[in-house]
Amino acid sequence: MLSCMITIHSSAMAALIDNCQPLDLIDVRTKQEFRSFHIRGARSFPLRELLAAKLLRGRKREATEPLYIICNNRVRASLAAGMLTGAGCRQPVVVDGGMETWVREGLSVVCKRPFWTFARECFRRGLMGVTRGFALVISGLFAVSSMVVSFQRSLEAKLDMVHPIPSKPR
């Protein structure tokens, strides 16, 4: 028996979340990937640690309700959907394109960045801006000085033509 994988577009998934629809969303990326950023309300179930039967027993939603699955680009989510179907999940739904599409479309994510990482990033960006500004000032000074030297040389050439230096008599 062939079964067709059900998918949902990321914008449709975002609409469900924005409308506060009760849903069950699992993220099968690694714990580290999940911690760096994830969709609000998603639960982390890394594919390598996924115990489909245990996950299905612990669901708070009805078995007939869709179980949405997301990963980075859809591959791991598709594998998880197959595992969950084999364990008796009636409606696994893969978020098409995964987090790559989600982020590319500018949909909201939860980011957990430690304060010091954030502060260090702000400092680094500020320092880069100051450095770039300093480089622009220096390059501007060089451009101005080269224009002054060029102007001075052309002025000297014109003056030489107006007041030729007398040659010494032989």
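Each residue takes its place number in the sequence, starting with 1.
In this structure, the side chains of T30 and L47 stay at 4.5 Å or more apart for every pair of heavy atoms.
In this structure R90 satisfies the salt bridge (Lys or Arg N to Asp or Glu O under 4.0 Å) test with no other residue, sequence neighbours excluded. Checked against side chain to side chain donor-acceptor pair (under 3.5 Å), S108 has no partners two or more places apart in sequence or in another chain. Under the side chain to side chain donor-acceptor pair (under 3.5 Å) criterion, R61 pairs with no residue, sequence neighbours left out. By the side chain to side chain contact (heavy atoms under 4.5 Å, CB included) test, S10 is found to be paired with V95, T101, W102, E105, L107, residues two or more places apart in sequence or in another chain being considered. Looking at residues two or more places apart in sequence or on another chain, you find a salt bridge (Lys or Arg N to Asp or Glu O under 4.0 Å) between R40 and D18. F45 is linked by a ring-ring contact (aromatic ring centres under 6.0 Å, His included) to nothing, counting only residues two or more places apart in sequence or in another chain. With sequence neighbours excluded, the residues that form a side chain to side chain contact (heavy atoms under 4.5 Å, CB included) with A53 are R57. With sequence neighbours excluded, the residues that form a side chain to side chain contact (heavy atoms under 4.5 Å, CB included) with I6 are Q91, V93.
For CD of E62, the number of neighbouring non-hydrogen atoms (other residues, nucleotides, ligands) closer than 6.0 Å is 12 at most. In this structure, Q21 places its CD atom where more than 12 heavy-atom neighbours from other residues, nucleotides or ligands lie under 6.0 Å away.
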Report, one line per pair, each donor and acceptor closer than 3.5 Å where one atom sits in a side chain of residues 69-79; sequence neighbours left out.
from	atom 1	to	atom 2	distance (Å)
N73	OD1	V75	N	3.2
R74	NH1	D96	OD1	2.5
R76	NH1	E33	OE1	3.0
R76	NH2	E33	OE1	3.4
R76	NH2	E33	OE2	3.4
S78	OG	R74	O	2.8

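Applying the 4.5 Å side-chain rule to ILVMFWY residues, one finds that V110 remains a lone member of its cluster.
Rounding to the nearest 0.5 Å gives a distance of 12.5 Å between CE of M13 and OG1 of T7.
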| task | Please step through side-chain contact (heavy atoms from CB on, under 4.5 Å) for the pair V94 and I8, ending with a clear verdict. | result | CA-CA 6 Å; V94 173; I8 185 171; over 6 Å; no
| query | So D24 and E65, side-chain contact (heavy atoms from CB on, under 4.5 Å) or not? Walk me through it. | reply | CA-CA 8 Å; D24 203 355; E65 294 286 323; over 6 Å; no
| query | Stepwise, does the side-chain contact (heavy atoms from CB on, under 4.5 Å) test hold for L67 with L25? | reply | CA-CA 6 Å; L67 174 58; L25 172 63; over 6 Å; no
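One hydrophobic cluster, built from ILVMFWY side chains closer than 4.5 Å, cannot hold both V28 and M99; they sit in different ones.
Sorted by first and then second residue, the pairs that involve residues 13-38 and meet ring pair (Phe, Tyr, Trp, His ring centres under 6.0 Å), not counting sequence neighbours, are F34-H38.
A donor-acceptor pair is defined here as one N or O able to donate and one able to accept, closer than 3.5 Å; such a pair exists between the side chain of D27 and the backbone of R29.
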